[in-house]
There are 2 protein chains.
Amino acid sequence: MAKHDPALDHVFTALGDPTRRAVLERLATGPATVSELNALVPMAMPSFMGHLRKLEEAGMIATQKDGRVRTCALVAGALGPARDWLSAQKALWEDRLDRFDAFVTQLAKDQTE
Amino acid sequence: MAKHDPALDHVFTALGDPTRRAVLERLATGPATVSELNALVPMAMPSFMGHLRKLEEAGMIATQKDGRVRTCALVAGALGPARDWLSAQKALWEDRLDRFDAFVTQLAKDQTE
DNA sequence: GTCATGTTTAGCCATATTCCTAAGTATTCG
DNA sequence: CGAATACTTAGGAATATGGCTAAACATGAC
């Protein structure tokens, strides 16, 4: 397990905002322009661009400008590390809680004997 | 899919910090006191307490004070929503990318014909 | 009771975040 | 060319975040 993974910092932080999650959810259905994405939330364009920039810096979306229109799309595999961390953690977590459960169960059994 | 889930905001934001992830990783092996956890990172206790408070507010850890010692432990199922969101998203994401792949493949095939 | 230990509170500082408006640039349309 | 469209840049304000030191508290050990 990595001591300190800055990529994970960026990805989780990016996911911690509802506007940015909404963008990702929308992009999961296919690419979209900045204006189309901005229409999802009631926010001025410059503010919204800040969110897109963070998603791009986190490596979660890629953008490309054609003429005056910028199109955004998801980056494959960007969620992998986050999901892996969570899965590993959840496994340990539940294993640990299971053992605690067993401990409590054993305790209860001992008392009834 | 929830329009705007504040619980998810808190959980992902909490995960976006290496100090807090280190705490969770440590707690996955069993409960620990505040001092024990603080020893994991070079940080003054009051600063560190701020991180613990965030984890507690996010519902990810529970704490309890016995005498002058506060013990911290994981909360079961706290990672569930985050993991679920990521899994759902990743599924859509990869499905979408697969279809894009198929589209590109088809395009290439068309050109060679 | 005194003293060490383990937090907790209070208060401060620097920087980052998240929003805004106004004005600028670049492209496309008529 | 002129006007509309789609961003982009510049700059600013409010609040949040992440760190600190110093001092207060509460409890356990002697």
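Below, chains carry the letters A, B, ... as their sequence lines are ordered, and counting in each starts from 1.
Atom P of nucleotide C/dT18 and atom CZ of A/Arg53 are separated by 12 Å, given to the nearest angstrom. For the pair B/Phe12 CZ and C/dT17 C1', the computed distance is 19 Å after rounding to whole Å. Atom P of nucleotide C/dT8 and atom CG of B/Asn38 are separated by 12 Å, given to the nearest angstrom. If you take CZ of B/Arg68 and C1' of C/dA4, they are 7 Å apart, rounded to a whole angstrom. Atom C1' of nucleotide D/dA6 and atom CE of A/Met49 are separated by 10 Å, given to the nearest angstrom. Protein atom NZ of B/Lys54 is 12 Å distant from nucleotide atom C1' of D/dG19, rounded to whole Å. In this structure, B/Asp66 atom CG and D/dA26 atom C1' are separated by 14 Å, rounded to whole Å.
At least one side-chain nitrogen or oxygen of A/Lys65 sits closer than 4.0 Å to the OP1 or OP2 atom of D/dT8. For the OP1/OP2 pair of D/dC7 and a distance below 4.0 Å, the side-chain nitrogens and oxygens of A/Ser35 include at least one atom meeting the criterion.
Contact annotation for B/Gly67: backbone-only contact, meaning every heavy-atom pair under 4.0 Å involves sugar-phosphate atoms and none involves a base.
Between the side chain of A/Arg20 and the backbone N or O of A/Ala14, at least one donor-acceptor pair lies under 3.5 Å.
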Could you write out each protein N or O paired with an N or O of nucleotides 19-24 of chain C at a distance under 3.5 Å?
unit_1 : atom_1 : unit_2  : atom_2 : d
C/dC19 : OP2    : A/His51 : NE2    : 2.4
C/dC20 : OP2    : A/Ala44 : N      : 3.1
C/dC20 : OP2    : A/Ser47 : OG     : 2.6

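Note: B/Thr13 OG1 to B/Leu8 CG = 9.5 Å, rounded to the nearest 0.5 Å. Between the CG atom in A/Leu40 and the CD atom in A/Glu25 there is a gap of 9.5 Å [rounded to 0.5 Å]. For the atom pair CE (B/Met60) and CG (B/Leu24), the distance works out to 5.0 Å, reported to the nearest 0.5 Å. Rounding to the nearest 0.5 Å places CG of B/Leu15 at 6.5 Å from CG of B/Leu79. Rounding to the nearest 0.5 Å gives a distance of 9.5 Å between CG of B/Leu55 and CG of B/Leu74.
For A/His10, the NE2 atom is loosely surrounded, since the number of other residues' heavy atoms within 6.0 Å does not exceed 12.
Residue order along DNA chain D, read from the 5' end via each residue's closest nucleotide, puts A/Glu36 first among A/Glu36 and B/Arg20.
In this structure, the nucleotide among D/dA6, C/dT8, D/dC7 sitting nearest to the side chain of B/Arg70 is C/dT8.
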